[in-house]
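Structure record follows, encoded as structure tokens.
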Amino acid sequence: MERTRIAVAGASGLIGSALVRSLTADGHEVVRLVRHAPRSEAEVRWDPEQGRVDAAGLAGCSAVVNLAGAGVGDHRWTDAYKRRIHDSRVHGTAALAKAVAALDERPRVFVNGSAMGYYGETGERVVDESAPAGRGFLPELCVEWEAAAEPARAAGVRTAFTRTGLVVARGGGAWGRLFPLFRAGLGGRMGDGRQYWSYIALHDEVAAIRHLLDRDDLSGPFNLTAPEPLTNREITAAMGRVLHRPTLFPVPAPVLRTVLGEMAGDVLGSARVVPKRLLESGFTFAFPGIEDALRAA
């Protein structure tokens with residue numbers, strides 16, 4: 001990819017910050033969307049919940065990447081926090097898509113975040129991008145989230161969606177919480193451990209986003225998950241092997257429901273999601289196996 005100007009929303013998050021580091025290391029000019037008054041030409045102000053963005057700051061960008069959104073696992077899912085999760089994604093995406101569509105010189109690509117939560121509970125059934133949306137808060141959110149990007153697509157901007165799995169990283173996300181527990185020897189399976197977890201190494205997540213930025217023939221949804229989903233029980237065992245710690249402390253389902261509330265359904269739920277379209281496009285995973293991904297983190 002030639003050196004270009006790229007706008008990134010959610011640049012301070014786990015994935016966004018890693019993406020920004022990767023892009024800047026290769027000489028790209030990165031413009032960050034921020035909520036505060038811009039401190040330099042490298043920042044553009046926006047308010048995702050209110051659906052506002054300074055469109056003039058996007059001028060000259062060849063690509064826009066939207067990874068912004070309130071953390072799904074940061075708080076219990078009260079009605080108020082579910083509304084925040086929803087608005088930060090749907091309103092923010094709509095604002096960016098409309099701003100992109102209104103530019104005289106539009107970017108050539110808009111990569112918008114999404115999640116494997118689109119498919120909901122899949123049990124042991126393997127699902128790829130052709131599968132329909134599931135039911136529940138997260139699937140319905142993902143449908144709205146992706147639909148909010150329609151103004152950009154309708155304006156002729158190539159639009160791709162990253163239906164991301166559980167990102168294996170030391171500094172955040174689900175594994176940011178799991179690593180300390182397992183290092184302390186307090187880790188174990190969750191519930192009966194039979195539920196499938198579709199994961200992806202942070203390195204591969206960033207590489208896949210850049211793959212979507214680079215390839216002019218790729219649009220629509222892409223599952224950003226490793227090729228072989230594993231059960232929670234298998235992942236727990238791998239954590240024990242990599243960290244050389246016992247995994248003797250399973251967390252019963254009722255405890256998870258008490259601690260996490262409604263969100264426990266997604267921890268205990270099964271998502272056996274595979275990256276069919278990503279593999280068909282020629283993408284190669286650097287860390288396809290769980291032990292590889294854990295060691296990389």
Side-chain angles (χ1 to χ4, degrees), residues 72-73 77 114-143 145-146 161-169 173-175 177-178 181-182 187-202 204-205 208 220-242 247-281 283-285 287-294 297:
V72 171
W77 285 1
S114 187
M116 70 174 181
Y118 179 95
Y119 305 104
E121 168 68 47
T122 75
E124 295 189 355
R125 177 170 53 95
V126 177
V127 296
D128 59 31
E129 292 87 352
S130 65
R135 294 181 179 179
F137 173 65
L138 284 182
E140 291 164 14
L141 168 65
C142 290
V143 170
W145 192 3
E146 294 182 12
F161 302 99
T162 58
R163 293 178 180 168
T164 296
L166 298 169
V167 178
V168 184
W175 262 273
R177 299 184 180 191
L178 290 176
L181 287 174
F182 277 78
R189 60 177 171 77
M190 297 184 183
D192 64 14
R194 296 175 184 172
Q195 69 273 29
Y196 278 89
W197 279 17
S198 297
Y199 63 89
I200 184 169
L202 179 59
D204 286 330
E205 173 78 13
F222 289 83
N223 294 336
L224 269 56
T225 59
E228 296 291 339
L230 297 173
T231 64
N232 174 258
R233 187 186 295 269
E234 291 170 321
I235 288 173
T236 295
M239 292 278 285
R241 290 193 298 272
V242 170
T247 55
L248 304 176
F249 295 92
V251 185
V255 173
L256 280 171
R257 293 190 180 98
T258 299
V259 173
L260 299 178
E262 183 181 347
M263 186 173 61
D266 290 278
V267 174
L268 296 168
S270 186
R272 197 174 184 180
V273 180
V274 296
K276 181 181 179 183
R277 296 194 67 214
L278 196 60
L279 291 172
E280 288 177 346
S281 72
F283 181 79
T284 301
F285 285 83
F287 304 103
I290 187 60
E291 293 196 19
D292 296 329
L294 290 170

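This structure is a prediction, so every number in the text was calculated from the model and none was measured. FYI, the numbering just counts along the sequence from 1.
- Contact detail for A208 and L278: the closest heavy-atom pair is CB-CD2, 4.0 Å.
- In terms of the ring-ring contact (aromatic ring centres under 6.0 Å, His included) criterion, Y196 has no residue partners (sequence neighbours excluded).
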*Should Y119 and N223 be marked as a side-chain contact (heavy atoms from CB on, under 4.5 Å) after you check the CA-CA gap, both sets of side-chain angles, and the distance that decides it?*
CA-CA 11 Å; Y119 305 104; N223 294 336; 2.7 Å; yes

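- Between G240 and T247, the shortest heavy-atom distance links the atoms CA-CG2, 3.7 Å.
- Partners of T162 according to the side chain to side chain donor-acceptor pair (under 3.5 Å) rule, which considers only residues two or more places apart in sequence or in another chain, do not exist here.
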*Could you give me the CA-CA distance, side-chain angles and deciding distance for V168 and L294, then say whether side-chain contact (heavy atoms from CB on, under 4.5 Å) is met?*
CA-CA 7 Å; V168 184; L294 290 170; 4.0 Å; yes

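- With sequence neighbours left out, F182 forms a ring-ring contact (aromatic ring centres under 6.0 Å, His included) with no residue at all.
- Judged by distance alone, with hydrogens and angles left aside, the side-chain atoms of T122 form a donor-acceptor pair with the main-chain N or O of R272 at under 3.5 Å.
- Taking both residues in full, the closest heavy atoms of P227 and P275 are given as CA-CD, 3.8 Å, listed atom of the first, atom of the second, then distance.
- The side-chain contact (heavy atoms from CB on, under 4.5 Å) test applied to R233 returns R189, T231, not counting sequence neighbours.
- With contacts defined as side-chain heavy-atom distances shorter than 4.5 Å, the pair S270/E121 qualifies.
- Scored by the side-chain contact (heavy atoms from CB on, under 4.5 Å) test, P132 finds no partners at all (sequence neighbours excluded).
- How far CE of M116 is from OG1 of T225: 8.0 Å, rounded to the nearest 0.5 Å.
- Shortest non-hydrogen contact noted between A293 and A201 is CB-CB, 3.9 Å.
- In this structure A226 satisfies the side-chain contact (heavy atoms from CB on, under 4.5 Å) test together with Y199, sequence neighbours excluded.
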_Let's go through L178 and M239 carefully: what are the C-alpha distance in whole Å and the side-chain angles of both, what is the deciding distance for side-chain contact (heavy atoms from CB on, under 4.5 Å) to 0.1 Å, and is it a yes or a no?_
CA-CA 9 Å; L178 290 176; M239 292 278 285; 4.1 Å; yes

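- Scored by the side chain to side chain donor-acceptor pair (under 3.5 Å) test, W175 finds no partners at all (sequence neighbours excluded).
- Residues Y118 and V273 fail the side-chain proximity criterion, which asks for heavy atoms closer than 4.5 Å.
- Residues satisfying the salt bridge (Lys or Arg N to Asp or Glu O under 4.0 Å) test with E146, not counting sequence neighbours, are R163.
- Judged by distance alone, with hydrogens and angles left aside, the side-chain atoms of E205 form no donor-acceptor pair with the main-chain N or O of V167 at under 3.5 Å.
- Among residues two or more places apart in sequence or in another chain, the salt bridge (Lys or Arg N to Asp or Glu O under 4.0 Å) test is passed with R241 by E291.
- A 4.5 Å side-chain heavy-atom check between D292 and F285 finds every atom pair outside the cut-off.
- For D128, the side chain to side chain donor-acceptor pair (under 3.5 Å) test picks out S130, with sequence neighbours left out.
- Counted within 6.0 Å of CD on E280, heavy atoms from surrounding residues, nucleotides or ligands total more than 12; the atom is thus considered enclosed.
- Tested against M190, the residues T236, I235, N232 include a single side-chain contact (heavy atoms from CB on, under 4.5 Å) partner, N232.
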